[in-house]
Amino acid sequence: MPQPDVVDDESVAAVEAGLDALDTPTERRRRFTWRRAAAVVAPPVLAIVLLIAVWQALWAAAFWPEYQLPAPAAVWQVITDNVQTGVAFDVLWNSVHRAVLGFAAGVLIGTPLGLIVAKVRIVRAAIGPLLSGLQSLPSVAWVPAAVLWFGVTPSTVYFVVLMGSVPSIANGLVAGIDQIPPILPRVGTVLGASRLGSARHILLPAALPGYLAGLKQGWAFSWRSLMAAEIIAVSPQLGKGLGAFLEEGRNLSDMPTVIAAIFLILLVGIGIELLVFRPLERSVLRARGLSGAF
Amino acid sequence: MTATLETSAMTTAVRLTGVHKSFGAGRGAVSALEGVDLSVAPGEFVCLLGASGCGKTTLLNLVAGLDRPTAGDIALSTSRPAVMFQEAALMPWLTASRNVELALRFAGVRRTQRRERAGELLELVRLGGLGDKRPHELSGGMRQRVALARALASAVQGSQDGSPALLLMDEPFSALDAITRDVLQGELLRVWRSTNTAVLFVTHDVREAVRLGQRVVLLSSRPGRVVREWQVGDLEPSAEAAAIEEINTSLREVISSHAAA
């Protein structure tokens, strides 16, 4: 029987250093170049230009009457007018700050709820299916009930936003926790982690990617729930948000305003995704070596 | 019935007396371990050898406190044995150094001390200077060394009251390539000599068991029982070859006995 190949301490160290150098995964760090930036920006810009061109062509061909399909320029006019008078900012602020507040409350409620549903078997059996069901219930269905309970007040708006966001956030966390490799909590146990310590240092960070996906969806649901609530529940007490702005356009049969409102609603959605969630998701996945998606 | 902690002066790092473990209940119950008696002296390196399904991992889980024996007694001299698994099982969001620190954090060690201790342990497994790397930036062998440093962090912590610490290893090198495995076996021996930790090492590789252990314990399969033991510490090369041959023969006998059943 041959002796082990590596015997004395010094040669072990040398061989080991060599192995480390050979085996370490090499990571390609991609540097910023204008060409790569252009490759990212060009396709969506091109798509938008194409869309507007088709729109312009349809309008020029006069397929539909002007009050159904206004010119792109008319919509642009409405937007610039509202920006100049400052109405656009008021309307945006009104809606966005409500959505952010509602979403923050949704996070505060949805996170512990998700943790309990994921870790306490009887709670999961009891309300797990309900929570999944609520996720598919359009939260606009809550508006009539909320109006009867709270009147046309901010409470109604926040209630609807919460019903939209909480199930998504909680379900995201549950999915994130379910996908944790079972070995990690076991490691926590053998390292002597308490239940709380394990939740804080192992379960929550391990579930972060799933939780983040839930947050993202929770925000999307918050935003559309808010728009639904604002369109249906209009009152001076609520101030004018984007939804009310849209509804006002409809009442006046002012198609350029309607399209401008839709455009602004979309803009907020895309803006939050690109400025908040995309970078957050990216840094979380990168840190774990899961950067394949980007 | 239970795993107890004896605070009186003990001459063993761990002692198992008549340990039974069965899974399930009634007719469908499967007996994984049946009357296992085993003890590991402080600072001793014991290899637990057996084919798959012999309950090696079950036994280790019982000692680690991840599971409870159905019957029998497990007496540990340390409050918490350190455990190393087949996979490194590092937290992928933490750097190597933070992974080691995690063990110390759960033990309530303060931050500056944690840093210092983690640095020392990474130095011990020859990963000094790589503390800022994340698991996905390290090779399989390096990850397993971080896991060793983490295990040592919890083991040494467990022995602060002066009682001998115990390191449990569940086939920690079986997922590595042959060269890396060979190097890490050497590293483990070096670390073991410099830390005085008792080691209970589970493996299905006879050569590995003989190379590493002072004593090799052969377990039978379904149910697991201790079949035989060999003293293999400080053997001459020729004696070592003979021991490997002999243990291999016994292992084959144990395995072939299942074909008839």
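In what follows, chains are A, B, ... by sequence order, proteins preceding strands, each numbered from 1.
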- [ ] Measure across L191(A) and F106(B) and return the closest heavy-atom pair with its distance rounded to 0.1 Å.
- [x] O-CB, 3.6 Å
Open item on the list: Please find the pair of heavy atoms, one from P92(B) and one from L184(A), that lie closest to each other, and give the distance.
Closed with: CD-CD1, 4.3 Å
Open item on the list: Test side chain to side chain contact (heavy atoms under 4.5 Å, CB included) on L208(A) and W93(B); report intermediate values, then the result.
Closed with: CA-CA 10 Å; L208(A) 192 57; W93(B) 59 93; over 6 Å; no
Task: Separation of R286(A) CZ from R134(B) CZ (nearest 0.5 Å) - done: 12.5 Å
TODO: First locate atom NE2 of H136(B), then atom CZ of R288(A), and finally report the distance between them rounded to the nearest 0.5 Å.
DONE: 11.0 Å
- [ ] Pick whichever of P181(A), A206(A), G197(A) has the most heavy-atom pairs under 4.5 Å with chain B.
- [x] A206(A)
Is chain A contacted by the side chain of [X], its backbone, both, or neither, given a heavy-atom distance below 4.5 Å?
| X | value |
| --- | --- |
| P135(B) | neither |
| L66(B) | side chain |
| V125(B) | backbone |
| E87(B) | side chain |

- [ ] Check each atom of I202(A) against the heavy atoms of chain B and say whether the ones under 4.5 Å are side chain, backbone, both or neither.
- [x] both
Open item on the list: Heavy-atom pairs under 4.5 Å with chain A - which of L184(B), N61(B), L94(B) has more of them than the others?
Closed with: N61(B)
- [ ] Please check if atom CD1 in I109(A) has more than 12 non-hydrogen atoms from other residues, nucleotides or ligands closer than 6.0 Å.
- [x] yes
- [ ] Could you tell me whether L274(A) atom CG has more than 12 heavy atoms of other residues or ligands within 6.0 Å of it?
- [x] yes
TODO: Side-chain contact test, heavy atoms from C-beta onward, threshold under 4.5 Å: evaluate it for V187(A) versus R150(B) and give yes or no.
DONE: yes
